[in-house]
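Contents: one structure, followed by commentary.
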Amino acid sequence: MTTEVKQLDRVIIRFAGDSGDGMQLTGDRFTQESAAFGNDLSTLPNFPAEIRAPQGTLPGVSSFQVHFADHDILTPGDRPDVLVAMNPAALKANLPDMKPGTTIIVDSHDFTGRNLTKAGYAENPLEDDSLADYSLNVVDLTGVTIEAVKEFGLSRKDASRAKNMFALGLLSWMYGRPTETTVGFLEKRFAKVPAIRDANITAFRAGWNYGETTEAFAVRYEIKPAAMAPGTYRNITGNLALAYGVVAGGVASGLPVFLGTYPITPASDILHELSKHKRFGVTTFQAEDEIAGIGAALGASFAGSLGVTSTSGPGVALKSETIGLGVMTELPLLVIDVQRGGPSTGLPTKTEQADLLQAMFGRNGEAPVPIVAPQSPGDCFDAAVEAVRIAVTYRTPVMLLSDGYLANGSEPWHVPDVASLPEIEPGFATETNHVTVGKDGQETADFWPYLRDEETLARPWAVPGTPGLEHRIGGLEKGDGHGNIAYDPGNHDYMVRIRQAKIDRIADSLPPLEVDDPSGRAKVLVLGWGSTYGPIGAACRRVRRAGLDVAQVHLRHLNPFPHDLGEIVQRYDKVLIPEMNLGQLSLLVRARYLVDAVGYNQVRGLPLKAAELAGALADLVTQTDPEAADVLTETDLEDIVR
Amino acid sequence: MTTTPTGATDLPFPGLSGVPTTDTKLTGKDFTSDQEVRWCPGCGDYAVLKAVQSFLPDLGLRRENIVFVSGIGCSSRFPYYLETYGMHSIHGRAPAIATGIATQREDLSVWVVTGDGDALSIGGNHLIHAMRRNVNMTILLFNNRIYGLTKGQYSPTSEPGKVTKSTPVGSVDHPFNPVSLALGAEASFVARTVDSDRKHLTGVLAAAAAHRGTSLVEIYQNCPIFNDGAFDAIKSPDTKADAIIPLVQGQPIRFGVEGSKGLVRSAAGGVEVVEVSGDNEGDLLVHDATLDDPTQAFAISRLTDAGVLHQAPIGIFRQVERATYDDQAREQLATARGGEAAPSAEQSRAALSALVHGNDTWTVV
């Protein structure tokens with residue numbers, strides 16, 4: 001029989017199994033194959049906080065969703081077209097996201113009494129009619145894998161562990177993925193255990209051949225490479241791009257990088273990555289706690305390095321006092337917060353954007369800190385470099401707000417031209433900057449650590465080892481200019497205001513915002529920040545396809561806001577602010593610009609769904625402009641939320 | 001080689017190798033800042049400040065390569081009064097901040113000034129971890145057994161039953177013995193000295209500065225306002241002979257009037273005080289701070305009164321060589337560079353370009 005080949009413009013596949021089934025690896029390999037093929041793509045790993053949750057149960061299900069297309073896409077997709085379920089729990093946990101008519105491939109091996117019960121099935125769903133609405137493919141993936149690798153003499157348990165590679169081979173066949181990268185990867189990964197290596201490669205090829213030779217799957221799909229801007233690309237996750245951005249910040253500034261940190265999900269990979277780059281002069285210090293991590297980083301900055309600390313929301317809470325010390329001592333410091341679900345321990349492996357107000361206000365006293373946020377995994381690189389620029393130029397702690405989705409999600413990344421990195425000038429002080437006239441009229445040249453640059457209001461950075469510039473700094477209020485302890489009321493009022501003015505001054509260095517308003521007729525503006533860029537962009541496209549007008553602005557800088565933001569938000573009749581929190585940017589925009597912003601808020605631990613957001617956006621557009629509602633057909637409305 | 005009152009040899013200074021020296025003769029005045037010293041009259045901190053200011057020139061270092069870091073508390077004002085680089089940081093965190101400085105800059109002599117509340121209460125975690133890692137820094141722990149800056153609450157070294165503003169019917173906290181704690185954390189240099197004994201203090205400081213790794217120096221320091229007389233037993237001419245157990249390297253440990261008392265091993269495995277007689281003179285413990293096993297030093301540290309102080313060993317308890325955290329961290333960086341000097345800006349950019357490209361790229365034309 002000939003296999004039919006169908007052309008598709010995009011597909012969303014979700015691999016789901018037990019947390020020990022290797023689903024993250026499977027999804028990652030499929031992603032790499034798709035990247036090598038030239039599709040645009042976006043991924044969403046989703047896994048429990050437990051390393052090995054009880055086997056076969058719903059809380060133990062781990063999944064990896066990959067969306068790949070022949071055109072530019074913005075999100076990992078709302079609902080999968082294909083679900084690969086390796087056990088009953090994976091099927092049960094993911095079925096609610098599957099629309100009728102979509103494809104489900106099930107490993108039937110574990111659909112037995114006890115495993116069905118553990119997943120909460122009274123009856124075997126493969127044997128009743130409950131999945132009749134789907135295109136169901138039932139294969140004993142485990143059984144055929146064990147059979148395929150028996151020549152390697154592995155135990156039954158070890159042999160069965162190659163089933164994820166069998167599934168990957170099958171899906172790779174089905175979607176015409178190139179296989180060389182995965183074979184090469186397996187050869188390298190298991191080089192030290194030949195039997196495991198060979199079993200995995202054999203299982204992978206057997207999966208491919210199973211699709212090719214059996215008649216179980218009648219259709220293959222072709223998704224052509226995406227048209228992308230010329231250049232060199234690679235696939236990258238947010239945490240990796242962010243770590244590279246920190247290395248780049250060190251290179252661009254010529255400063256040695258010192259990361260003082262404490263392991264925390266989902267930020268630990270930044271520590272793991274940076275610890276590999278010692279030849280760039282990057283020192284990583286795994287401290288005894290979050291406080292010591294940032295303390296050592298601030299000490300390193302005092303000593304003339306680029307001090308960096310990485311954490312998630314609970315860690316920021318512990319670091320707050322030291323961030324305040326950084327504000328007072330006016331030293332460069334990069335604070336990376338990979339946000340996760342909160343409050344407290346919250347949802348360690350899930351994403352959220354609810355630390356914006358903590359970053360903005362979570363310190364005692366008036367302690368302004370600039371805030372920078374990346375909008376996609378690859379953008380974490382540029383955001384990190386920008387945060388370093390601000391920290392070094394303005395001598396201040398900077399909060400870099402990534403999140404769990406950006407951290408672990410991936411996308412093709414246009415590899416930057418290193419020559420285009422900004423020059424970041426530490427401008428260390430080397431000479432005295434002041435003359436003191438004594439009572440006897442005698443002039444003495446001395447160093448005043450709090451005399452400010454007129455343009456940036458930054459103070460001089462004089463590092464230990466510089467002769468003649470010995471000085472003392474600390475957390476007590478500084479006297480203007482000389483920097484000695486000063487308690488007088490007027491000085492304190494002045495210093496509080498000048499520290500704020502310095503942060504406000506950063507806006508002078510920011511480019512104008514890009515307003516995406518293709519028709520120029522939009523009455524509604526969607527304003528976002530951080531990882532919601534993808535869903536917001538996808539939602540805008542849906543709404544525009546239906547003939548409605550909408551404008552989009554996405555913020556890189558949350559503090560200070562760019563100068564033109566006020567004028568822009570006041571230009572539109574309505575401003576919609578979608579966030580994965582209960583309205584934190586909304587609060588800031590309302591307070592600052594007196595604009596009646598409308599929130600769109602979800603805190604489900606998952607990225608916003610583009611279709612739902614598009615529905616809400618279309619509603620707001622039609623409410624704002626009733627004439628727009630008139631041109632909208634029922635079909636348009638259905639398309640928006642499909 | 002000179003010999004200090006502690007019996008330790010204090011020169012050369014491996015702890016300071018890498019820190020640039022100067023031929024210019026500096027004096028205590030060169031290390032005195034223009035800031036008015038604001039401790040209470042009679043505070044023991046004055047004596048320590050004076051001793052440090054007059055001792056620092058002996059190190060022969062460039063003044064700009066010395067850094068003092070402190071936390072919060074009366075003693076933590078110390079850096080403001082020294083004409084070196086300094087940071088008066090936040091409560092308890094000085095050892096963490098100093099770790100970043102010491103790791104990044106081998107050419108700096110790093111000092112931490114802290115108190116019993118700062119180091120042992122709010123900053124206890126950072127203190128033990130700095131000592132465990134053996135970061136090259138000298139920690140001066142001013143122990144006055146009280147909270148001074150917050151006006152007189154009991155501290156983690158106050159004696160049980162202490163009546164203070166926060167414990168009107170007596171404290172029920174068991175105190176830390178800072179020396180025992182440091183030995184438990186396997187600190188490579190642990191010593192105790194007294195604010196009023198300038199000679200001993202200076203000798204201990206010299207040995208601490210000479211030591212490469214974390215040096216913990218507990219300084220008994222009198223607070224005349226909130227805990228006056230806490231150390232009278234070891235300061236009063238009438239009682240000090242019986243109260244101070246002097247630890248001198250290579251010498252039998254004897255104290256009391258005319259050396260009437262001494263230390264011997266106890267049957268229980270520890271150390272005990274005995275009246276010295278002709279029979280037991282040969283059994284007296286000979287002090288050896290260089291023993292790798294900290295057990296004996298710990299046993300000696302236990303002879304410190306936990307309650308009102310009547311007896312305390314004074315001197316260097318432990319002084320052993322152990323690889324430092326910062327040396328090893330720098331060594332790893334050097335190894336990663338294949339022993340080459342730091343790369344030029346162009347080389348760094350080329351290496352960065354290779355890094356961000358990685359191994360799996362594709363090109364769109």
Side-chain angles (χ1 to χ4, degrees), chain A residues 32 35-36 38 181 228-235 244 247-248 251 254 256 258 260 277-281 283 285 287-289 291-292 295-305 307 321-322 325 329 381 415-416 418-419 421 464-476 484-485, chain B residues 20 33 35 62-70 72 79-80 82-91 93 95-105 107-108 125-126 128-129 329-330 332-333 335-338 342-343 345 348-353 355-358 360-365:
Chain A
Q32 295 294 348
T181 56
M228 297 168 99
T232 303
Y233 289 81
R234 63 175 286 175
N235 189 50
Y244 285 173
V247 175
V251 169
F258 180 94
H277 302 301
K278 295 180 168 50
R279 69 197 170 93
F280 285 95
T283 300
F285 170 61
E288 58 271 24
D289 58 28
I291 300 171
L298 188 68
S301 287
F302 180 62
S305 296
E321 190 186 16
T322 311
L325 180 63
T329 54
F381 179 88
V415 180
V418 167
L421 281 178
T466 313
L469 308 192
E470 292 89 344
H471 66 282
R472 278 65 54 194
I473 56 175
L476 285 168
N484 293 320
I485 302 171
Chain B
S33 78
Q35 296 298 293
R62 289 174 180 267
R63 192 176 65 175
E64 63 270 21
N65 288 76
I66 299 174
V67 180
F68 275 78
V69 184
S70 64
I72 293 293
Y80 288 118
L82 284 174
E83 189 60 20
T84 64
Y85 281 89
M87 191 194 288
H88 175 219
S89 75
I90 43 179
H91 211 4
R93 317 304 171 201
I97 289 165
T99 295
I101 298 171
T103 303
Q104 291 305 87
R105 297 284 301 274
D107 64 330
L108 300 179
N125 201 30
H126 308 307
I128 57 173
H129 287 277
R330 286 188 293 265
Q332 287 190 346
L333 257 62
T335 304
R337 281 174 172 159
S348 290
R349 286 189 179 239
L352 176 64
S353 185
L355 174 70
V356 295
H357 277 79
D360 286 316
T361 56
W362 68 96
T363 304
V364 176
V365 288

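Keep in mind that this is a model prediction, so the values were computed, not measured. Order of the sequence lines fixes the chain letters, A, B, ..., with proteins taken first and strands second; residue numbering starts at 1 for each chain.
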Of all the heavy-atom pairs spanning B/Ala96 and A/Ala292, show the shortest one and how long it is.
CB-CA, 3.7 Å

Go through A/Ala287, A/Ala300, A/Pro256 and name the one with the most non-hydrogen pairs under 4.5 angstrom from chain B.
A/Ala300

Whatever's closer than 4.5 Å to a heavy atom in chain A on B/Val356 counts as both

Could you look at A/Ser301 and say if it's the side chain, the backbone, both or neither that has a heavy atom under 4.5 Å from chain B?
neither

Among B/Thr363, B/Thr84, B/Ile128, residue most engaged with chain A (heavy-atom pairs, under 4.5 Å)
B/Thr84

Say you draw a straight line from CG of A/Leu421 to CZ of B/Arg349; how long is it, rounded to the nearest 0.5 Å?
5.0 Å

Below 4.5 Å from any heavy atom of chain A, which atoms of B/Thr103 appear? Answer side chain, backbone, both or neither.
side chain

Under a 4.5 Å cutoff for heavy-atom pairs, which residue among A/Ala35, A/Gly38, A/Gly254 has the most contacts with chain B?
A/Ala35

Under 3.5 Å, is there a donor-acceptor pair between the side chain of B/Tyr85 and the main chain of A/Thr466?
yes

Distance (rounded to the nearest 0.5 Å) between A/Tyr244 OH and B/Leu355 CG:
4.5 Å

List the atom of B/Ser89, the atom of A/Leu325, and the distance in Å for their closest heavy-atom pair.
CB-CD2, 3.8 Å

Quick check on the interface: out of A/Gly475, A/Gly281, A/Gly260, A/Pro416, who has the most heavy-atom pairs with chain B under 4.5 Å?
A/Gly281

Given a strict heavy-atom distance threshold of 4.5 Å, which part of A/Ala297 is in contact with chain B: side chain, backbone, both, or neither?
neither

With rounding to the nearest 0.5 angstrom, report the NE2 to CZ distance, B/His357 to A/Arg234.
9.5 Å

Under 4.5 Å from any heavy atom of chain A - which part of B/Thr361:
both

A/Ile473, A/Thr329, A/Leu476 screened by side-chain contact (heavy atoms from CB on, under 4.5 Å) with B/His88, the one that passes:
A/Leu476

Counting heavy-atom pairs under 4.5 angstrom with chain B, the leader among A/His277, A/Gln32, A/Glu288 is A/Glu288

Contact class of A/Val418 relative to chain B, heavy atoms under 4.5 angstrom
both

Which heavy atom of A/Asn235 sits nearest a heavy atom of B/Trp362, and at what distance?
N-CZ3, 3.7 Å

Is it the backbone or the side chain of B/Asp107 that comes under 4.5 Å from a heavy atom of chain A, or both, or neither?
neither

Measure A/Ala419 against the heavy atoms of chain B and call it side chain, backbone, both or neither at under 4.5 Å.
backbone

Hey, what do you get for CG (A/Asp289) to NE2 (B/His126), rounding to the nearest 0.5 Å?
4.5 Å

Taking side chain as everything from C-beta outward and backbone as N, CA, C, O, which of these in B/Ile90 sits under 4.5 Å from a heavy atom of chain A? Side chain, backbone, both or neither.
both

Find the distance between OG (B/Ser348) and CZ (A/Arg279) and round it off to the nearest 0.5 Å.
9.5 Å

Side-chain (B/Arg105) to main-chain (A/Pro464) donor-acceptor, under 3.5 angstrom
yes

Turns out that what part of B/Ile66 lies under 4.5 Å from chain A's heavy atoms comes down to neither

Could you check if a side-chain atom of B/Thr99 sits within less than 4.5 angstrom of a side-chain atom of A/Phe285, using non-hydrogen atoms only?
yes

Heavy-atom distances under 4.5 Å only: say whether B/Ala98 touches chain A with side chain, backbone, both or neither.
neither

Is chain A contacted by the side chain of B/Arg63, its backbone, both, or neither, given a heavy-atom distance below 4.5 Å?
both

Quick one: do B/Val69 and A/Phe302 satisfy side-chain contact (heavy atoms from CB on, under 4.5 Å)? Show the steps, please.
CA-CA 11 Å; B/Val69 184; A/Phe302 180 62; 5.8 Å; no

Count the heavy-atom pairs under 4.5 Å between each of A/Gly295, A/Ala229, A/Ala36 and chain B, then report the option with the highest count.
A/Gly295

Nearest 0.5 Å, what's the CD-CZ distance between B/Glu83 and A/Arg472?
4.0 Å

Please flag which part of B/Gln332 lies under 4.5 Å from any non-hydrogen atom of chain A: side chain, backbone, both or neither.
both

